[in-house]
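Inspection log for the structure reproduced underneath, given as structure tokens.
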Protein chains: 2
Amino acid sequence: MMRADAQRNRARVLEAAEVVLTRDGLDASMREIAEVAGVGVGTIYRQFPTKETLYQAIVLDRMRRLADRADELATADDPGTAFFTYFTAVVEDSTVKKVLVDALASVGIDAKAGAPDIRGAIEVLLVRAQATGAVRGDVEMEVLLALLSATCLAAQHNTWDEELRTRTLAVVFDGLRPAHAPSE
Amino acid sequence: MMRADAQRNRARVLEAAEVVLTRDGLDASMREIAEVAGVGVGTIYRQFPTKETLYQAIVLDRMRRLADRADELATADDPGTAFFTYFTAVVEDSTVKKVLVDALASVGIDAKAGAPDIRGAIEVLLVRAQATGAVRGDVEMEVLLALLSATCLAAQHNTWDEELRTRTLAVVFDGLRPAHAPSE
DNA sequence: GTCGAACCGGAACGATCATTCCGATTCTAG
DNA sequence: CTAGAATCGGAATGATCGTTCCGGTTCGAC
């Protein structure tokens, strides 16, 4: 059983790490995280043996939320809308969250053990949207992830404003739709 | 007039910097560049007062080539093909070249003084392609740059193979084409 | 060929970072 | 309440980085 103060500090560290890593990405220093959390650096290292461990804890948490969001939308009435809503939501998030982007970018390559199955969750959205003809049938998961990763990376790197995001995604979405069913 | 050995070393440094920065991005250390160039670090600093100066020299050179390439294609017989060829070529390059990506990503924001006018060069390709109906008329430069930057970033970050690149770009290109003119 | 100026290499400096370590403090079982 | 174990904070460590500095070397005008 963990001591009460240790447990409270662990929560503080996670909270601070989320804020700082989200703002500064992997460049954030442990000193700053410790400062924001109001603890010493040693305290962080007792819970997370290395910077990468802490980083992964945050990323895994975000991945979990991402997967949950996808699961929610998997049962929506209109799979087409659900699909595009999800895509938009993920990109919107990544405008602000640097860590999330790195998480997304790595999904395509290695789905680490223990990680929530975002890939699977997104695939459900894709297949359902394809079944109703909202998305072209020949779009593969690899391609979808590439597009999602691309838009997230750019949105975060260049901090797109809302209008640019909407317009840019409109083009991508048109590319994803069957040729005979343009945006409107 | 610069001494002969100084001039030769300057060339060596630029060559080495291109190789190393291209491979490792901004994280590359001056020590390594010096080592690859076969000179001491001091020699680099005599020509380029700061790391950023050296970095910018490389980036500007790349931007120049990018702009030149666009200018070349600006007089092509088929503007539509020229446009999509250029887009593909840029993304292809960025699979390997990290610096190029950062250059691209910053074009949208601040066109620094002295920088070649890539934006203008690309705009020519866009307008010409739109005039022949190969690209939708309502696609703005901002959106195009966002898409270009997005695909470059993702291609570099995840090292797309050729097939994934082709398939992904096919979707984006379909989104850029008028609704009544699907891929083929 | 000579000699001063320009240039060279790489050691040295100061800053920053991840990580370790330890004396002081705080928690909790009994 | 108390003892001792777990935890704490933050100074110390060692590595790496960008940048500066300087004794030695090389170039080239005369």
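Proteins get letters first, then strands, A, B, ... in listed order; numbering begins at 1 in each.
- Mapping B:R8 and B:D27 onto DNA chain D by nearest heavy atom places B:D27 closer to the 5' end of the strand.
- Look at CD on A:Q7: it is 11 Å from P on D:dC8, rounded to the nearest Å.
- Out of C:dA18, D:dC17, D:dC8, the shortest distance to the side chain of A:S29 is found at C:dA18.
- The phosphate of D:dG9 (OP1 or OP2) has a side-chain N or O of A:T43 nearer than 4.0 angstrom.
- Applying the 4.0 Å criterion to OP1 and OP2 of D:dT7, one finds that A:N9 has every side-chain N and O outside that range.
- The CG-P distance, from B:L26 to D:dG18, rounds to 11 Å in whole Å.
- DNA chain D is contacted by both B:P49 and A:R10; A:R10 maps to the nucleotide lying nearer its 5′ end (nearest heavy atom per residue).
- Separating the CE atom of A:M30 from the P atom of C:dT20 is a distance of 10 Å, rounded to the nearest angstrom.
- One finds the CD atom of A:Q47 at 10.0 Å from the CD1 atom of A:I44 (value rounded to the nearest 0.5 Å).
- At most 12 non-hydrogen atoms from other residues, nucleotides or ligands lie less than 6.0 angstrom from CZ of B:R69.
- Using a 4.5 Å heavy-atom threshold, the side chains of A:E162 and A:E92 count as separate.
- Look at CD on A:E52: it is 14 Å from C1' on C:dT19, rounded to the nearest Å.
- Phosphate proximity of D:dT19 to B:T50: present, with a side-chain N or O under 4.0 Å from OP1 or OP2.
- In this structure, of C:dC8, D:dC17, C:dG9, it is C:dC8 that holds the atom nearest to the side chain of B:D5.
- Here the side chain of B:R46 is nearest to one of C:dC17, D:dC22, D:dG18, namely D:dC22.
- Rounded to whole Å, the distance from CZ on B:F48 to P on C:dC8 is 12 Å.
- Across the protein-nucleic acid pair, B:I44 atom CD1 and D:dT19 atom C1' stand 12 Å apart, rounded to whole Å.
- Within the 3.5 Å criterion, the main-chain N or O of A:E32 finds a donor-acceptor partner in the side chain of A:S29.
- B:A4 comes within 4.0 angstrom of the backbone, heavy atoms only, and of no base.
- Summary of the strand contacts: A:M2 and A:V41 both lie near DNA chain C, and taking for each the nucleotide with the nearest heavy atom, the more 5' one is attributed to A:V41.
- Whole-Å rounding puts the B:I33 CD1 to D:dC17 P distance at 11 Å.
- A:Q130 places a side-chain N or O within 3.5 Å of a backbone atom of A:V139 that can act as its donor or acceptor partner.
- Here the side chain of B:R3 is nearest to one of D:dC8, D:dC17, D:dT26, namely D:dT26.
- Atom OH in A:Y45 sits about 16 Å away from atom P in D:dG10, given to the nearest Å.
- Within the 4.0 angstrom heavy-atom criterion, no nucleotide atom of any strand lies near A:A37.
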